[in-house]
Amino acid sequence: MTLLELTDVTASYGPVRVLEGVSLTVPDGGAVGILGANGAGKTTTLRAISGTVRTAGRITFDGRDIRGLRPDRVAALGIAHVPEGRGTLAQLTVLDNLRVGAYLRKDRKAVAADLDYCLTLFPQLKKRLTSNGAALSGGEQQMLAVARAFMARPRLLLLDEASLGLAPSTAKTVYDAIGRLRRESGIAMVVVEQNANLAFTLVDTATVLETGRNVLTGPASELKGLDEIRRAYLGG
Ligand code: ATP
């Protein structure tokens, strides 16, 4: 079943149009990558989904038209956005960040169980529960951002450059945990990533954007083998 579908979506910041007709299909439980150079429109595509940029075209989630909904309404439908720069709350402790993630949920037992799960997924966070967000390393902040988004128990996770600024080994740790989360929770994902090698460890299919348009879409296994992808995104 299709969970999220973008059809010919355009988006603008004021008078400047930056998406020129983007399409994307995310099956329930699937993971789709968005690749592309700086400024291609990857972040804006995530913002189009979460309702934080003005759009035209068609965006459906679980069969329902969500284009133009306010960001809080989109979140309440089960879409969690982990923005570039992570968006963790610097003045709150790790534990409170995780509680904020679950603030719409009523079932305390399930929330407590998910909290335990997050801490098995990211054991580093367990040692830092009472630290403020601001005191965490970049890798820990990224782990917290993902864990906090999970605490909302979304059906779809939007991940923007989860590897940005991290040492390669830390980026791999973060992606390994996200992969485990995907397998164990079945949460669908849209993954924006400059590091295509990492993205390909997680996604089933991917699309390449260039100046706000899809230029190539297909299974990760096929894209990985293409010369133009290797040259542009896989370092050779
Ligand atoms: P990056 O990896 O650099 O974030 P990206 O593929 O995610 O690149 P976007 O951030 O979606 O690209 O940006 C697409 C275009 O929109 C770029 O030309 C960028 O300069 C422009 N843009 C992004 N945010 C804004 C904004 N708030 N106001 C005006 N223009 C913007």
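Counting from 1, the numbers follow the sequence of the chain as shown. As the structure lists them, so they are numbered: ligands from 1, and atoms in each ligand from 1.
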**Student:** Check if Ala37 has a non-hydrogen atom at a distance under 4.0 Å from any atom of ligand 1.
**Tutor:**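 Right, Ala37 reaches ligand 1.
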
**Student:** For the residue pair Tyr13 / Arg47, report whether a side-chain donor-acceptor contact shorter than 3.5 Å exists.
**Tutor:**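 On atom types as modelled, these side chains qualify, holding a pair under 3.5 Å.
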
**Student:** Any nitrogen or oxygen of Gln194, main chain or side chain, under 3.5 Å from a nitrogen or oxygen of ligand 1?
**Tutor:**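 Min N/O separation from ligand 1 is below 3.5 Å for Gln194.
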
**Student:** Whether the Asp160 and Thr43 side chains hold a donor-acceptor pair (N or O, under 3.5 Å, no angle test) is what I'd like checked.
**Tutor:**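 Their side chains do contain a donor-acceptor pair, which is all the 3.5 Å distance test asks for.
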
**Student:** Of all the atoms in ligand 1, which lie at a distance below 4.0 Å from a heavy atom belonging to Thr44?
**Tutor:**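 Once the distances to Thr44 are compared, the set is 9 (P), 11 (O), 13 (O), 14 (C).
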
**Student:** Considering only heavy atoms, which of Leu209, Thr43, Thr52 lies nearest to atom 4 (O) of ligand 1?
**Tutor:**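 The option holding the nearest heavy atom is Thr43.
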
**Student:** For ligand 1, which atoms have a heavy atom of Glu84 less than 4.0 angstrom away?
**Tutor:**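 Counting atoms of ligand 1 from 1, those under 4.0 Å from Glu84 are 4 (O).
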
**Student:** What protein heavy atom is closest to atom 12 (O) of ligand 1, reported as residue, atom name and distance in Å?
**Tutor:**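 The closest one turns out to be Gly41 N, 3.2 Å.
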
**Student:** Mind checking the CZ-CZ spacing from Phe122 to Arg128? Nearest 0.5 Å is all I need.
**Tutor:**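 Phe122 atom CZ to Arg128 atom CZ measures 15.5 Å (nearest 0.5 Å).
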
**Student:** Below 4.0 Å, non-hydrogen atoms only: which portion of Asn38 touches ligand 1? Side chain, backbone, both or neither.
**Tutor:**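 Contact part for Asn38 vs ligand 1: both backbone and side chain.
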
**Student:** Do Thr211 and Glu20 have side-chain N/O donor and acceptor atoms under 3.5 Å apart?
**Tutor:**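 The answer is no; no qualifying pair exists.
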
**Student:** Provide, to 0.1 Å, the distance between atom 29 (C) of ligand 1 and the closest protein heavy atom, together with that atom's residue and name.
**Tutor:**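 Protein heavy atom at minimum distance: Tyr13 CB, 3.4 Å.
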
**Student:** Taking atom types as modelled, is there a side-chain donor on Thr207 or Asn214 under 3.5 Å from an acceptor on the other?
**Tutor:**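 On atom types as modelled, these side chains qualify, holding a pair under 3.5 Å.
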
**Student:** Starting from atom 14 (C) of ligand 1, locate the nearest protein heavy atom and write down its residue, its atom name and how far away it is, to 0.1 Å.
**Tutor:**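 Answer, as residue, atom name and distance: Gly39 O, 3.4 Å.
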
**Student:** Do you see a donor-acceptor pair shorter than 3.5 Å between the side chains of Thr25 and Glu5?
**Tutor:**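 Their side chains do contain a donor-acceptor pair, which is all the 3.5 Å distance test asks for.
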
**Student:** Is atom 19 (C) of ligand 1 in close reach of the protein, with a heavy atom under 4.0 Å away?
**Tutor:**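 No, no protein heavy atom sits under 4.0 Å from atom 19 (C) of ligand 1.
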
**Student:** What protein heavy atom lies closest to atom 21 (C) of ligand 1? Include the residue and the distance to one decimal.
**Tutor:**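 That would be Val18 CG1, 4.0 Å.
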
**Student:** Could you tell me if the side chain of Thr60 sits less than 4.5 Å from the side chain of Ile66, heavy atoms only?
**Tutor:**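 SC-SC contact between Ile66 and Thr60 ruled out.
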
**Student:** Do Gln194 and Asn38 have a side chain donor and acceptor closer than 3.5 Å?
**Tutor:**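 Checked: Gln194/Asn38 side chains pair up, N/O donor to acceptor below 3.5 Å.
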
**Student:** Can you list the ligand 1 atoms lying under 4.0 Å from a non-hydrogen atom of Glu161?
**Tutor:**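 Ligand 1 atoms under the 4.0 Å threshold to Glu161: 2 (O).
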
